[in-house]
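Chain A is the first sequence line, chain B the second, and so forth, proteins listed ahead of strands; every chain is numbered from 1.
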Amino acid sequence: MTGTSKEETVVPDVVLDITHEVCPMTFVHTKLKLEEMRAGQVLEVLLSGGEPLQNVPRSVKYEGHKVLKLEPVGDNKYKLLIERGSD
Amino acid sequence: MVLAVDLHELKKGGFLQQRGKDKYLMRLRTIAGDITSEQLRALADLADRYGQGYVHLTTRQGMEITGVDLHRYLDIKADMTRLGLLPGTCGPRIRTVVACPGSTICLQGLVDTKEMAAELDRAFFGRAVPGKTKMGISGCPNACAKPQENDIGWLGVIEPKHHPDRCNGCGICAEVCPGNALTMVDGLPVFDASRCLFEGNCIFSCPADAWVINRKGYNLYVGGKIGRYPGLGQLLDTFIPPERVVRSGEAVLSAYTRLQKQNQRMGDVVRSIGIDQFRQVYRDELERFTGGRKEVTGA
């Protein structure tokens, strides 16, 4: 079980860059990647601010996954850590 | 041949004159833009039998069968009634209520716009008013159905509430907030209600369920119109619970009827006296509709 506190370092199992995608493909790629993974594994998504940032975390939660952490990495980009939920 | 109905009656029933001798178009309405496959097939059949083999989609989620001969009005009307197709309207009346798909379909939707559109349609559609009056509903502040472009528009909103005991201080809410209403201070979000869009992104993104729904309802806009002198509707009331939406519409219509001169549109009334004065009269009317009890809403 992965914790959710800010200080903890989580090592992702899979990394995905969606900074060159636009809605709805931002979430589609995230969703497809999560489908390939096992429950409890962690996906790191690199996404842009604005629309992707406003929509991807809520869609991830809606689909039953757990958002562990969101971290600004500069240049209007963010690192989102998601723990894959069970089906 | 002389028809048993006059031309005003035709307009009221959505039968409008078009170019061409004795050519009319039959306007139909939908509830929140939905039409069943069975109705679509029936509509296609009517377009073949009475019209020109096509259906025109209106900007207000209606449909028009064009090129109908004036003398076949009663026949097409009877067919529509038999098939359960709803007539539209025209002139100084309450027009088709426009609505987005809302919470039953859309992932962003906060309120059940389809149910509300049906309720508003039952309460208001076709009612004679001083100037044409359009109503629109959107399920969230994205406002896809453009309620602020209608004489009376309702917009679904939710107000967030924070539970610090559940919060893990991750700051996701502050990052995803489209209105920049949240700032992280000492590991907890600080909420600025004046910047909140009430769309609920903090609630739907919070991994710890620390943000919850405090209130859900409709914000009410009045006086929106496009036409020759366009202007957006202005905020009149906030967080109206679903069961009081029809009542809010009645109060707006009473205020409008009292204040208008020479059949002005709602927007012209609101702009000439100002939203604050309009709100005072709306409040009076609201009180009248609730039997003298004061309404507790936001604005």
Distance in Å, B:I172 CD1 paired with A:L80 CG, rounded so as to fall on 0.5 Å steps: 6.5 Å
Heavy atoms from other residues, nucleotides or ligands near CD of B:E115 exceed 12 (cutoff 6.0 Å): no
Test item: A:K61 side-chain N/O and B:C206 main-chain N/O as donor-acceptor pair under 3.5 Å: yes
Enclosure of B:E243 CD (heavy-atom neighbours >12, cutoff 6.0 Å): yes
Exam field: side chain B:N201 to backbone A:R58, donor-acceptor pair closer than 3.5 Å: no
A:P72 side chain near B:E175 side chain, heavy-atom distance below 4.5 Å: yes
Spacing of OG belonging to B:S205 relative to CG belonging to A:L53, to within rounding of 0.5 Å: 8.5 Å
Over all atoms of both residues, closest heavy-atom pair of B:V176 and A:P57: CG1-CG, 3.9 Å
